[in-house]
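Input: a single structure, listed below in structure tokens.
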2 protein chains.
Amino acid sequence: MTASPRPRRTQAERSDQMRQRLLEATLQSLAEDGYAGSTLSSIVRRAGVSRGAQVHHYPNKQALMLDAAEDLVRHTYRQLGELLLSIKDEDDRLTRLVDAAWEQVFSTPLFHAYSELLIASLRDQDLAEALKGRLKLVQGVYAPAVEHYFEPINASKADLHAMFVQLSFFLVGLATQAHLMNDRAWVQSHLDLWSRQAALIMRARKGVRQPPPRPDAWPRKDEAAAR
Amino acid sequence: MTASPRPRRTQAERSDQMRQRLLEATLQSLAEDGYAGSTLSSIVRRAGVSRGAQVHHYPNKQALMLDAAEDLVRHTYRQLGELLLSIKDEDDRLTRLVDAAWEQVFSTPLFHAYSELLIASLRDQDLAEALKGRLKLVQGVYAPAVEHYFEPINASKADLHAMFVQLSFFLVGLATQAHLMNDRAWVQSHLDLWSRQAALIMRARKGVRQPPPRPDAWPRKDEAAAR
DNA sequence: GATTTTACATACAGTCTGGACGGTATCCAT
DNA sequence: ATGGATACCGTCCAGACTGTATGTAAAATC
């Protein structure tokens, strides 16, 4: 008892924590209830905060969604980055990368939130712009890592990079349809096939011991909720 | 003037036409306004019919959506079938197939309706079941055509078939993200890359002059609206 | 031609949503 | 310590949506 009176948080701290709770609840809600099902009331209920808190930090629903999208892409970016760094094995680097990407990113509930945002962005111009900017950024950041870990065989560097872009398309397509298909083994067979196909035009570089050049950290995290 | 009194339509005719109008309006609405934006009121407005007509034919929103999904998959199935039959050229059969599939199916607004249903089916069990059944059926129907037109090189027949399944995933992924990317040329380069990759493990069969065995027509169109 | 069934139309009820508003607590600059 | 800014709260409101209930005309059945 007599818990230390918990030094009052500073304004900035309070704001940050509140926004964090809201964003987490929003992404959770997107994943579980979909875009349309994510009403402001349901989100604040999930976050355990009041309706007023939300409206204070985000003037309208779109602002909240934009910030959530921002947060999600940033999160996924980090996750994929760590994943790349964790791949040490140089023999089946490709296979393990694909498997891990599916297992740890694209098959997770959190990625369903991304699917929702993606589809919603077909109609929401602002959302599309936000995603567009971030995606471009992500691609630019990963390109060096690709060349760091892999090299083309009988193919151009452009093809090498394009192949990984295709991987993301493939995984997105898989993620949005996997629930209609059967089992994990079936998915695995497709992941394997992709790896084998990719191995026809690329291989892991030998003797890579250093992680790829750390890209600059994710750019400023400002310019979010405001538009 | 004195227009012929337009022989009153039979009940079945009236029902069929009304349902057709509703389904068309629904798919259009899905494509333009998304799943959540497709309210019953907006759909009947678009179809130019009364609210009562809709409720008469479809007891609730889900029934309408299920039938629309049914209709869409059937439509796409036919379209892809004709597309396969129209590919005569045996040299770059693969390239032309991929291009045509993108151009005539996956990049169309109608396919956006499918994306919407796909995402919605993540949460709607009934919708998922409906799509699942139809997809399985489609795959089974196309499998013979694949072997009719293509043969594997240094690969198994299973890989051949799996490769076309991957094509569908790739195209779905592309369709849901293309609006975030740049231009048509960029898309084209990815279609080309896919064709080149596929060509590494398959080729068009020589001297194929006959169309593939016509699968039985699409099964009965009953068991739709009711659940 | 009478009656039953089907197709369509209109009005209404209940629920929910997003945003607005007025008020309170907490923090910060001076 | 005090006045102003910032964070947070609960409620209300106008609109929209779905499903239902009720009414009418056309077709099918006998």
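Fair warning: this is a prediction, and the values are worked out from it, not measured in the lab. Naming convention: chains lettered A, B, ... in sequence-line order (proteins, then strands); numbering from 1 in each chain.
Checking C:dC21, D:dC8, C:dA9 against every side-chain atom of A:Val55, the shortest atom distance belongs to C:dC21. Candidate nucleotides C:dG18, D:dG19, C:dC8 were compared by shortest atom distance to the side chain of A:Lys61, and C:dG18 ranks first.
Rounded to a whole Å, the CG atom of B:Leu40 is 16 Å from the C1' atom of C:dA9. Atom CD of A:Gln17 is separated from atom C1' of C:dC27 by 15 Å (rounded to the nearest Å). Per the geometry, OH belonging to B:Tyr58 stands 18 Å off P belonging to D:dT20, to the nearest Å. B:Met18 has its CE atom 13 Å from the P atom of D:dA27, to the nearest Å. Note: CD1 (A:Ile43) to C1' (C:dG18) measures 12 Å, nearest angstrom. In this structure, A:Arg19 atom CZ and D:dA7 atom P are separated by 8 Å, rounded to whole Å. Atoms CZ (B:Arg51) and P (C:dA13) sit 16 Å apart, rounded to a whole Å. The CD-P distance, from A:Gln54 to C:dA20, rounds to 11 Å in whole Å.
When ring centroids are compared, B:Trp186 and B:His190 come within the 6.0 Å threshold.
Put simply, A:Thr39 has a side-chain N or O that comes within less than 4.0 Å of OP1 or OP2 on C:dT17. Contact check, B:His57 against C:dA7: no side-chain N or O comes under 4.0 Å of OP1 or OP2. Residue B:His56 places at least one side-chain N or O closer than 4.0 Å to OP1 or OP2 of C:dA7.
The aromatic rings of A:Phe170 and B:Phe169 are tilted relative to each other, their planes meeting at an angle between 30° and 60°.
Between A:Gln188 and A:Asp183, the side chains place no donor N or O within less than 3.5 Å of an acceptor N or O (distance only, hydrogens not considered).
Each of B:Gly52 and A:Gly52 was assigned the nucleotide of DNA chain C with the nearest heavy atom; the assignment lying further toward the 5' end belongs to B:Gly52.
Between B:Ile43 and B:Leu22, the shortest heavy-atom distance links the atoms CG2-O, 4.2 Å. Across every non-hydrogen atom of A:Leu180 and B:Ala128, the tightest pair is CD2-O, 3.5 Å.
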